[in-house]
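Within every chain, numbering begins at 1; the chains are lettered A, B, ... in the order of the sequence lines, protein sequences first and strands thereafter.
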Amino acid sequence: MTIPASDRYVAWLMVAGAAAALAGVTLYPFMMALRMSFLDIRLINYLRNPPFAELANYRALINDPFALRSALVTLGFVAATVSVQLVLGSAAALMLNHRQMPARGLVLALALLPMVISPAVAGYMNRILLDYLHGPVPWALRSLGLPAPLGEPLPAFITAVLVDTWQWAPFIMLLVFAGLRSLPAELVEAAQLDGASFWRLLWFIILPVLRPVLGIAVLLRATDAIRTFDTLYILTGGGPGSSTATVSIYLYQLFASGRFGEASAGAVLLLVVLGAALRPALRHVVS
Amino acid sequence: MSATKVVAAKDSSRRVTETVAGAPARARPRWQRALLGVAGAGLALWSLWPVAWTVLISFKPDEYIFRTPPSVRFPATLSHYQRVLNTVQFGHYLQTSLVVAGLTATLALVLGVPAAYSIARFRTGGEGFAMWILSARLLPPIAFIIPFYVWFARLGLLDTRTALVLSYLIPALPLSVWVLRGFIADLPAEIEEAALLDGCNRWQVLRRIVVPLTGPALAATFFLTFVAAWNEFLFALVLSFLRAKTWTVGALTFVGHERVLWGELAAAGTLGMAPTIGLLFFAQRYLVRGLSLGLWR
C-alpha cells in the first residue's frame with residue numbers, strides 16, 4: 001500500500017523512541033566493547049587511560065585452553081537442552097491437546113509454572129534439593145548406589161541439562177500447544193477419514209504445519225541456552241572442574257578476575273560469531 | 001481456570017483439538033482417559049515439586065532441615081522469614097525489583113506499541129530494521145556486561161535503578177515489538193481507515209482504536225517483560241551492590257562460602273517466587289492467545 005508522505009514521517013517518528021533506546025543500549029556498548037578489546041584494560045586502570053594493546057587480548061583468548069573448553073561445553077549444552085526440550089515439550093503439548101485430556105487448564109497452568117520462576121531461584125532451589133549433605137535427591141540416590149548429581153563432571157553436566165529442561169521445556173510446550181490449537185480441523189479430519197494412524201498423522205500433517213513454530217522454538221531455545229548464566233552460576237559455578245562452564249560463565253570469570261580487555265575481546269568474538277550464525281535464521285523468521 | 005472453560009473458549013470454530021486423538025469418541029476406551037490423567041498428574045508434580053520443597057523448607061526449623069531421611073511432618077516456624085525480612089532488609093530488595101520491573105515493562109509498552117504499529121502497518125525500515133530489533137533479544141547479556149560496567153561507572157550510574165532499567169530494555173523492547181507487531185498485523189485495518197477518513201491522525205488511531213483492541217497482547221507483553229525483569233540476575237549482580245540490589249542477588253546473602261542458610265534461602269526464594277506465580281495464574285489465559293496469534297507472523 002502506498003504510504004503518503006505525511007504518514008511516512010509519522011511512521012518514522014513512531015519507531016524513533018524504540019529505535020533510539022535500543023541503539024543506545026546495544027550499538028553503543030558494542031562499539032565500546034570493540035574499542036576495549038584492543039586495550040590493555042583491567043580493573044585497576046579502567047577509569048584512567050589504559051594502554052593500547054593491539055591484538056594481545058585476542059591472542060590471549062585463543063591461547064587460553066579454558067576458552068575453547070567453554071565453547072565446547074556450550075555447544076554440548078545447547079545440543080543437549082534443545083533436543084531434550086524439543087522432544088519432551090512437544091510430547092507434553094500433544095498430551096495436553098488430546099481430546100480426552102482431563103483438567104487441561106489446571107495441568108497447563110501448573111506445567112507453565114517453572115517458566116516464571118527466576119532462573120536464579122531455580123538454581124537456589126535445586127541446590128537445596130541436590131546438596132550433597134542435606135538434599136533429598138542425593139540421599140535417595142545414595143540409597144540406590146548412584147553418584148551424587150553435582151559431585152562429578154558428567155553427572156553435573158547432566159544435572160544442569162535436566163534443571164534447564166525443567167525450567168524451559170514448558171516454553172516449547174506452550175508454543176507447540178498454541179500451534180496445535182491453530183491447526184485447521186479439516187486437514188486432520190480428511191486424513192483420519194483416509195484411515196491415517198496417529199503416527200502418520202503426526203509425521204505427515206502435524207509436523208510440517210508446525211514447522212515454523214518449531215523453528216522459532218528451536219531458535220529461541222538455542223540462543224537462550226547460549227545465554228544461560230544464572231542457573232549455572234548458582235548451581236555449579238562452572239561445575240566440578242569446568243564441566244559446566246559455558247561461554248557465559250567463562251566470560252563472567254574473565255570479568256570477575258578483572259581482565260576487562262580479554263573479556264571484551266571474548267564478547268566481541270561471541271557477538272560476531274552469533275550474528276553470523278543467526279542471520280539466515282532471522283531472515284527466515286522475519287519474512 | 002477450569003478445563004471446560006479453556007476448551008469452550010477455543011472451540012468457537014471447530015479446531016483440531018477434538019480430533020487429533022484419532023477415531024471418534026465412542027470407540028475410545030476409558031483407560032485412555034485414565035492414562036492421560038496419570039500423565040497429566042505426573043507432569044504437574046514434576047513441575048511443582050522443587051517449588052513445593054522449597055516452600056516446605058522455608059517453614060522448617062533448622063534441626064529438621066538437616067535431618068536425614070528428610071521429614072514431611074515438622075513444627076512450622078516463621079523464624080526464617082523473620083530473619084530474611086528483618087536482619088537482611090530483604091523487603092528493600094523486593095521493592096527495588098518491583099520498581100525496576102514495573103518501569104521496564106511500562107517503558108517496553110510505551111516505546112513498543114508505536115514502533116510495533118509502525119512496523120506492522122507501514123513496514124518501516126523494511127526487513128533489515130525488523131531483523132535488527134529481533135536480534136537484540138537473542139544476544140547474550142554477558143557480552144554487554146563489560147561495556148555496561150565501564151560505561152555506567154564512568155557515568156556514576158553504578159548501583160542505580162536507572163542502570164538496571166536501561167539494561168533490561170535489551171530483552172524487553174524486542175520482545176514487546178515482536179509480540180505486538182504480530183497482534184496488530186492481525187487487526188483489520190478497516191476500522192483504522194474509517195477513523196482516518198473521519199479526520200483522526202495516526203496517533204489518535206493508536207490511542208483510541210489500536211490500544212483498546214490489543215488488550216490481551218498488551219497484558220501478555222507486560223506480563224512477560226515484567227517477569228523477565230523481576231527474575232533477572234546477571235546485570236543486577238554486576239551493576240548493583242547496595243542501593244539498587246534486587247531480590248535475586250539479595251538471596252545470595254544466604255549462600256556463604258562455608259555454609260548455606262538453607263531455611264533463609266528457601267524463604268527468600270519463596271518470597272521472590274510468589275508474585276510471579278500469582279501473576280501467572282492470573283495472566284495464563286492471555287498467554288496462549290497472545291502468543292499463538294503473535295508468533296504466526
Side-chain angles (χ1 to χ4, degrees), chain A residues 3 10-11 14-15 17-18 21-22 25-26 29 32-33 46 92 95 97-105 107 109-111 113-114 116-118 120-121 124-125 128-129 134 136 139 178 181-183 185 188-189 198 223 226-227 229-230 248 251-252 255 260 263-264 267 270-271 278 282 286, chain B residues 1-3 6 10 14-22 32-33 36-37 39-40 43-44 47 50 54 66 68 70 111 114-115 118 122 124 127 130-131 135-136 138 140 142-144 146-148 150 166 169-170 173 202 227 231 233-234 248 262 265 269 272-273 276 280-281 284 288 291-292:
Chain A
I3 303 162
V10 173
M14 282 185 169
V15 296
L22 204 57
V25 292
T26 54
M32 273 190 78
Y46 78 95
M95 176 188 87
N97 198 36
H98 196 285
R99 180 207 4 206
Q100 295 214 304
M101 180 71 205
R104 184 180 291 129
V107 175
L110 288 176
L113 195 67
V116 298
I117 309 279
S118 166
V121 173
Y124 294 132
M125 288 195 307
I128 294 177
L129 291 172
H134 308 303
W139 171 76
R181 297 234 143 209
S182 323
L183 277 182
V188 179
E189 276 170 22
F198 174 72
T223 50
I226 297 176
R227 297 164 56 194
F229 175 83
D230 312 1
S248 290
L251 286 181
Y252 178 79
F255 166 76
F260 288 3
S264 299
L270 179 62
L271 287 175
L278 285 178
L282 272 177
V286 171
Chain B
M1 193 77 251
S2 72
V6 173
K10 299 291 179 290
R14 237 162 38 91
R15 289 302 187 186
V16 88
T17 54
E18 302 308 291
T19 49
V20 168
Q32 271 239 341
R33 196 175 158 84
L36 282 173
L43 179 60
S47 297
T54 302
F66 296 147
T68 51
L111 292 175
S118 178
F122 305 127
T124 316
E127 208 181 84
M131 249 178 59
S135 67
L138 305 175
I142 190 70
F144 293 98
I146 302 103
F148 268 46
V150 173
L166 287 175
L169 280 182
I170 302 182
L173 261 183
R202 289 281 177 182
V227 168
N231 288 340
F233 179 75
L234 176 57
T248 46
W262 300 109
L265 183 63
M273 281 195 287
T276 51
L280 172 71
F281 276 88
Q284 184 238 110
V288 180
L291 280 180
S292 62

| So, the side chain of B/Thr276 versus the backbone of A/Val116: is there a donor-acceptor pair under 3.5 Å, distance only? | yes
| Heavy-atom closest pair, residues A/Pro102 and B/Arg33 | CB-NH2, 3.8 Å
| request: Might you point out which heavy atoms bring A/Met95 and B/Ala39 nearest each other, and give the distance in Å? | output: SD-CB, 3.4 Å
| request: Can you tell which part of A/Ile128 gets under 4.5 Å to a heavy atom of chain B, answering side chain, backbone, both or neither? | output: both
| request: State, yes or no, whether a side-chain contact exists between B/Asn231 and A/Val121 at a heavy-atom distance under 4.5 Å. | output: no
| A/Ala21 to B/Leu173 - nearest heavy-atom pair and separation | CB-CD1, 3.8 Å
| request: Please state whether the side chain, the backbone, both or neither of B/Leu43 comes within less than 4.5 Å of a heavy atom of chain A. | output: side chain
| said: Using every non-hydrogen atom in the two residues, find where A/His98 and B/Leu36 come nearest and quote the distance to one decimal. | reply: ND1-CD1, 3.3 Å
| task | Can you tell which part of A/Phe260 gets under 4.5 Å to a heavy atom of chain B, answering side chain, backbone, both or neither? | result | both
| request: Taking side-chain hydrogen bond (donor to acceptor under 3.5 Å, both in side chains) as the test, write out the residues that go with B/Thr248, two or more places apart. | output: B/Thr246
| message | For the interface with chain B, which of A/Ile226, A/Leu270, A/Leu271, A/Leu278 has the highest count of heavy-atom pairs at distances below 4.5 Å? | response | A/Leu271
| task | Give, for atom CD1 of B/Ile142 and atom CZ of A/Phe255, the distance between the pair rounded to the nearest 0.5 Å. | result | 8.0 Å
| request: Give, as side chain, backbone, both or neither, the part of A/Pro29 having an atom under 4.5 angstrom from any heavy atom of chain B. | output: both
| remark: When rounded to the nearest 0.5 Å, the distance separating CD1 of B/Ile146 from CE of A/Met32 is 10.5 Å
| said: Please identify, among B/Gly40, B/Gly37, B/Ser47, B/Pro114, the residue contributing the most non-hydrogen atom pairs under 4.5 Å to chain A. | reply: B/Ser47
| field | By side-chain hydrogen bond (donor to acceptor under 3.5 Å, both in side chains) - contacts of B/Thr124 (at least two apart) | value | B/Ser118
| query | Side chains of A/Val25 and B/Phe148: does their closest heavy-atom pair fall under 4.5 Å? | reply | yes
| task | Mind listing the closest non-hydrogen atom pair of B/Leu111 and A/Ala18 along with its distance? | result | O-CB, 3.6 Å
| query | For A/Phe229, is it the side chain, the backbone, both, or neither that has a heavy atom closer than 4.5 Å to a heavy atom of chain B? | reply | side chain
| Are any non-hydrogen side-chain atoms of A/Asp230 and B/Leu234 less than 4.5 angstrom apart? | yes
